[in-house]
Number of protein chains: 2
Amino acid sequence: MTGSADSGEGRLPARRPVTLRDVAEAAGVSVATASKALNDQGRMTAETRTRIREVARRLGFRPNGLAQSLLRRRSFTVGLLTNDTYGRFSLPVMAGISEALVDAGVSVFLCNVEDDPRLGQLHVEAMLEKRVDGIIASGKRLDRHLPVTLAGLGVPIIYAFTEPDPGSIAFVSDDAQGARLAVEHFVALGRRRIAHVTGPESFMVVHQRAAAWRAVLAEHGLGVPDGFYMSGRWSERFGHEAVAQLFGGPGEKPDAIFCGNDQLARGVVDALRERGLAVPDDVGVIGFDNWEIVAAETRPPLTSVDMNLSALGREAGLTLLSLVDGKAVEPGIRKLPCRLVVRQSCGRPPDG
Amino acid sequence: MTGSADSGEGRLPARRPVTLRDVAEAAGVSVATASKALNDQGRMTAETRTRIREVARRLGFRPNGLAQSLLRRRSFTVGLLTNDTYGRFSLPVMAGISEALVDAGVSVFLCNVEDDPRLGQLHVEAMLEKRVDGIIASGKRLDRHLPVTLAGLGVPIIYAFTEPDPGSIAFVSDDAQGARLAVEHFVALGRRRIAHVTGPESFMVVHQRAAAWRAVLAEHGLGVPDGFYMSGRWSERFGHEAVAQLFGGPGEKPDAIFCGNDQLARGVVDALRERGLAVPDDVGVIGFDNWEIVAAETRPPLTSVDMNLSALGREAGLTLLSLVDGKAVEPGIRKLPCRLVVRQSCGRPPDG
DNA sequence: CTCATTTGAGAAAAGGTTTTCTCAACCCGG
DNA sequence: CCGGGTTGAGAAAACCTTTTCTCAAATGAG
């Protein structure tokens with residue numbers, strides 16, 4: 001009704017964004033009324049309400065989230081701190097986190113801190129200034145801290161797939177349970193001489209998985225011949241070396257190899273084939289991590305333990321939301337179960 | 001000087017964050033003076049300034065970024081839209097972007113839109129409400145749009161490694177130049193029968209690289225025998241199949257294979273070895289993408305074309321900052337050069 | 001017709017900071 | 001002693017929205 005002026009619908013972006021005041025003036029009401037009309041609050045005639053809404057729509061009004069956040073003392077924003085931007089662990093975790101938060105209308109600041117305390121401090125400062133509602137710390141190893149301390153910051157913190165501070169809330173994978181899954185799968189298929197090829201002993205998970213491997217073997221009365229445990233680098237190359245050792249010497253030969261990750265397993269499978277040993281007929285192989293792109297392209301495709309990282313991230317995100325809403329959450333470390341993804345590298349299941 | 005009350009340094013987080021007003025009251029000045037003291041603005045005695053600063057430090061004052069952003073009409077925040085959270089392309093791009101922006105004190109909202117227009121719309125709305133200073137669109141393919149249109153939003157937009165809208169500013173890799181690097185490297189090493197094993201023809205880059213491959217061969221008077229061009233899936237498996245075709249038939253055999261990605265190259269190298277052909281002595285192989293974890297573990301390690309994605313991301317980030325600062329930037333698509341990372345899969349350089 | 005109640009809508013404060021103005025006090029040259 | 005300039009600091013507006021009051025007009029009961 002303001003004459004012929006172009007409403008701007010779909011046209012060049014306005015220099016200055018349209019504010020609630022603009023809407024109010026255009027509709028001939030006060031900003032208070034305009035606000036209430038758009039938020040379904042207060043009392044007014046239905047006609048007034050629809051008129052204001054129509055004006056807002058026509059002007060392309062979009063409420064300023066900064067002003068809203070300032071007033072509500074809640075920014076609908078969380079910070080995600082990680083030292084593993086490139087890696088394949090934190091990515092599924094992050095995806096799970098985002099997924100959980102998006103549904104609540106919460107946006108995520110992604111901050112990569114590498115292993116640089118200065119960078120970590122910088123990012124944390126920035127997050128706090130931007131008044132994030134909470135922070136999630138994620139990483140690439142369960143036994144290493146991020147290079148920054150998050151205690152006593154005044155905002156809720158959740159740890160997901162990284163070493164937590166004492167007394168905090170954390171979600172991690174249950175590596176021992178995952179290892180049990182693998183070894184018990186071998187046992188169920190009738191394998192009896194099960195070796196374990198894994199990464200460096202500086203990794204906590206290496207010990208956890210090895211302990212579970214030994215435990216399952218013991219429970220089934222199976223022994224661990226000398227040399228059936230091999231620790232080295234997390235690489236295909238070491239997979240090859242391990243096979244050379246395991247099958248090159250005079251001693252007993254394994255009929256199954258549980259590997260600490262999929263790259264090792266890939267190396268092991270390739271090395272076995274090159275020695276003329278058939279996978280899974282002569283030797284069964286199981287990997288860890290279920291890194292699709294490696295596991296699926298191995299010949300034969302790898303059976304592997306999946307850490308359900310995406311679900312882990314989702315749990316972390318949902319829990320953070322609870323904290324932000326003021327709900328109390330018991331501190332402690334939650335271990336989330338792994339699952340076994342069966343492909344073709346260890347033979348038919350017992351019923352086959 | 002306020003007596004014995006615990007200053008709270010390092011203690012339990014205060015329920016309510018301390019504001020500038022708190023600082024001003026504690027220091028016995030007005031908020032205006034307090035603000036100026038902390039920002040090195042205005043005029044006051046050095047004593048006043050240091051006193052206020054000391055009080056602010058003691059109270060753990062941290063300015064509220066929301067209030068600052070509201071006033072400055074600048075949130076020091078940008079949105080990063082991608083449909084490739086898991087993939088390996090957008091990750092280096094993202095890392096480069098973050099790196100460029102962190103130094104300017106700008107935080108990044110990471111938003112994964114998959115290929116879901118609804119999710120895309122949702123994220124864009126959220127970004128605009130949160131008053132991002134700009135948006136960067138990234139993806140996993142140069143020839144596919146994100147599932148959301150970004151024109152006329154009223155904020156600066158940059159496209160990085162994804163199909164741009166017409167008239168916009170975009171950064172992409174120069175795939176033709178990258179392919180030339182590879183083929184010319186082969187030619188310089190004396191290879192004469194250079195095959196090309198690549199991905200599906202639904203990818204634009206497949207055409208660009210193939211055209212460059214043909215062009216370089218033509219420039220050097222080298223022919224392209226029938227069957228020297230093979231298009232299939234982007235998988236190791238197809239690499240094997242391609243080798244079977246290339247070397248199984250009666251025709252001329254290549255002495256070099258330029259592969260469309262590192263997985264293909266890995267499959268090709270493995271297949272060659274299995275046929276008893278030596279890499280690089282009998283056949284040279286070059287990959288594309290320089291995916292470290294594949295290229296370095298291949299036996300022998302792969303020479304590969306690197307798209308410099310991290311640098312590409314950095315350029316995109318810096319350019320967005322220019323736009324945000326109001327500087328004019330010529331629209332258009334900038335192709336950034338690739339580089340060849342030489343490992344051991346195609347023999348000694350000529351001078352060796 | 002009067003009084004109490006409901007209805008529709010606006011004024012103003014709040015959220016935390018920055019910046020422009022204003023103003024009193026002081027200094028100094030004339 | 002006077003007037004112009006400087007200095008130190010505060011008042012107030014601005015950023016944009018939400019929410020609580022407040023208030024006049026309209027309505028209904030008696």
Side-chain angles (χ1 to χ4, degrees), chain A residues 14-53 55-56 59-77 105 126 128-133 154, chain B residues 14-53 55-56 59-77 105 126 128-133 154:
Chain A
R15 239 347 108 226
R16 193 177 57 86
V18 22
T19 73
L20 191 58
R21 177 200 298 264
D22 299 330
V23 174
E25 280 175 8
V29 297
S30 70
V31 288
T33 304
S35 172
K36 283 179 284 197
L38 297 177
N39 294 317
D40 244 332
Q41 300 282 317
R43 292 180 307 201
M44 68 194 67
T45 50
E47 187 276 329
T48 308
R49 205 180 285 277
T50 54
R51 178 167 48 91
I52 294 173
R53 289 205 171 149
V55 171
L59 263 45
F61 170 72
R62 199 188 303 281
N64 185 324
L66 296 171
Q68 292 179 322
S69 297
L70 185 57
L71 202 54
R72 293 188 177 137
R73 290 203 193 73
R74 176 105 156 63
S75 66
F76 285 90
T77 280
L128 293 176
E129 295 209 348
K130 285 176 176 136
R131 291 302 193 266
V132 294
D133 297 331
Chain B
R15 242 344 113 226
R16 193 178 57 85
V18 21
T19 72
L20 191 58
R21 177 198 299 264
D22 299 330
V23 174
E25 280 175 9
V29 298
S30 69
V31 289
T33 304
S35 171
K36 284 178 284 196
L38 298 176
N39 294 316
D40 243 332
Q41 300 281 316
R43 292 178 308 199
M44 69 195 67
T45 49
E47 187 275 330
T48 307
R49 204 180 284 277
T50 55
R51 179 167 48 91
I52 294 173
R53 289 205 170 151
V55 171
L59 263 43
F61 169 71
R62 199 187 304 279
N64 185 323
L66 297 170
Q68 292 178 321
S69 297
L70 185 58
L71 200 54
R72 293 186 178 139
R73 290 201 192 75
R74 176 105 157 62
S75 65
F76 286 89
T77 280
L128 293 177
E129 293 210 350
K130 285 175 176 137
R131 292 300 194 265
V132 294
D133 297 331

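Protein chains get the first letters and strands the later ones, always in sequence-line order, with residue 1 at the start of each. All figures in this text were calculated on a predicted structure; none of them were measured in a lab.
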Whole-Å gap separating [atom2] ([N]) and [atom1] ([X]):
X	N	atom1	atom2	value
B:Leu71	D:dA12	CG	P	18 Å
A:Arg74	D:dT17	CZ	C1'	17 Å
B:Lys130	D:dC15	NZ	P	24 Å
A:Arg43	D:dC23	CZ	P	15 Å
A:Leu38	D:dT19	CG	P	13 Å
B:Asn64	D:dC15	CG	P	18 Å
A:Leu66	D:dT17	CG	C1'	11 Å
B:Met44	D:dG8	CE	C1'	8 Å

Within the 4.0 Å heavy-atom criterion, would you say B:Thr19 contacts the bases, only the backbone, or no part of the nucleic acid? sugar-phosphate
May I ask you to say what B:Ser69 touches in the nucleic acid, namely base, sugar-phosphate or nothing, with a heavy-atom cut-off under 4.0 Å? nothing
For A:Arg73, all residues meeting side-chain contact (heavy atoms from CB on, under 4.5 Å), sequence neighbours excluded: none
B:Thr45 side chain near D:dG8 phosphate (N/O to OP1/OP2, under 4.0 Å): no
Taking atom [atom1] of [X] and atom [atom2] of [Y], what is their separation to the nearest 0.5 Å?
X	Y	atom1	atom2	result
A:Ser69	A:Lys130	OG	NZ	13.0 Å
A:Glu25	A:Leu20	CD	CG	10.5 Å
B:Thr48	B:Arg51	OG1	CZ	5.0 Å
A:Glu129	B:Arg62	CD	CZ	6.5 Å
A:Ser75	A:Leu70	OG	CG	11.0 Å
A:Asn64	A:Leu71	CG	CG	11.5 Å

Assign each of B:Arg73 and B:Thr48 the nucleotide of DNA chain D bearing its closest heavy atom; nearer the 5' end lies the nucleotide of B:Thr48
Starting at the 5' end of DNA chain D and moving along, which residue's nearest nucleotide shows up first, B:Arg131 or B:Thr33? B:Thr33
Please check if the number of heavy atoms outside B:Arg74 that lie under 6.0 Å from its CZ is greater than 12. yes
Rounded to 10 degrees, the angle between the two terminal axes of the helix from C:dC1-D:dG30 to C:dG30-D:dC1, each from five pairs: 60°
Reading DNA chain C from 5' to 3', where do the contacts with chain B start and stop? Cut-off is 4.0 Å to heavy atoms. C:dG16 to C:dT20
Please assess B:Asp22 against B:Arg16 for the test side chain to side chain contact (heavy atoms under 4.5 Å, CB included), listing each intermediate value before the final yes or no. CA-CA 11 Å; B:Asp22 299 330; B:Arg16 193 178 57 85; 3.4 Å; yes
